[in-house]
Amino acid sequence: MIYFVSFRLQSPWEEYEDLERALKALGPWSNRTEPTWLVESRLSSRTIRDLLKPHLKPGDRLFVGQFSQNWAGTNMG
């Protein structure tokens, strides 16, 4: 499954090294449209959220949505 993972972070991205490692550990990924990542994983949206949540700071926002069909992109890597 392909997931759309988007953030609204309170601090600069450079302060989220653990979050970046956690995202990359999920499986193949692309972050060509920061602060949005596309991640391929067999996990559920809820599980992905739960794995990423500990790496967020108070006030940060996170959205995880599953793409199932009918999507397209260009130059996503």
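In this text the structure is predicted, and so the values were computed from the model without any measurement.
- Put simply, OG on S41 and CD on Q66 are 10.0 Å apart, with the number rounded to the nearest 0.5 Å.
- Between Y16 and K57, the closest side-chain pair of non-hydrogen atoms falls below 4.5 Å.
- Of the possible donor and acceptor atoms, one in the side chain of D60 sits under 3.5 Å from a partner among the backbone N and O of Q10.
- Of the inter-residue distances, the one linking L38 atom CG with W29 atom CH2 reads 11.0 Å to the nearest 0.5 angstrom.
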(message) Using the rule given for salt bridge (charged side-chain N to carboxylate O under 4.0 Å, His left out), can you reason through D50 versus K53, listing the C-alpha separation, both sets of side-chain angles and the distance that settles it, and then say yes or no?
(response) CA-CA 5 Å; D50 292 345; K53 192 174 177 181; 5.8 Å; no
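- For the pair D18 and H55, the tightest heavy-atom approach, listed with the atom from each and the gap, is CB-ND1, 3.4 Å.
- Distance check: E14 CD to E20 CD gives 9.5 Å after rounding to the nearest 0.5 Å.
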(request) Begin from the C-alpha positions of Y3 and I48 and carry the test side chain to side chain contact (heavy atoms under 4.5 Å, CB included) through to its verdict. (result) CA-CA 9 Å; Y3 291 93; I48 292 172; 3.6 Å; yes
(request) Quick one: do L51 and L43 satisfy side chain to side chain contact (heavy atoms under 4.5 Å, CB included)? Show the steps, please. (result) CA-CA 10 Å; L51 288 170; L43 302 173; 3.7 Å; yes
(request) With side chain to side chain contact (heavy atoms under 4.5 Å, CB included) as the test, would you mind laying out the steps for K24 and W37 before giving the verdict? (result) CA-CA 10 Å; K24 290 178 177 180; W37 289 59; 4.1 Å; yes
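- In this structure, F7 and W13 have tilted ring planes: the angle between them lies in the 30° to 60° band.
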(request) Go through the steps to decide whether L9 and L56 satisfy the test side chain to side chain contact (heavy atoms under 4.5 Å, CB included), and finish with yes or no. (result) CA-CA 8 Å; L9 304 174; L56 299 176; 4.0 Å; yes
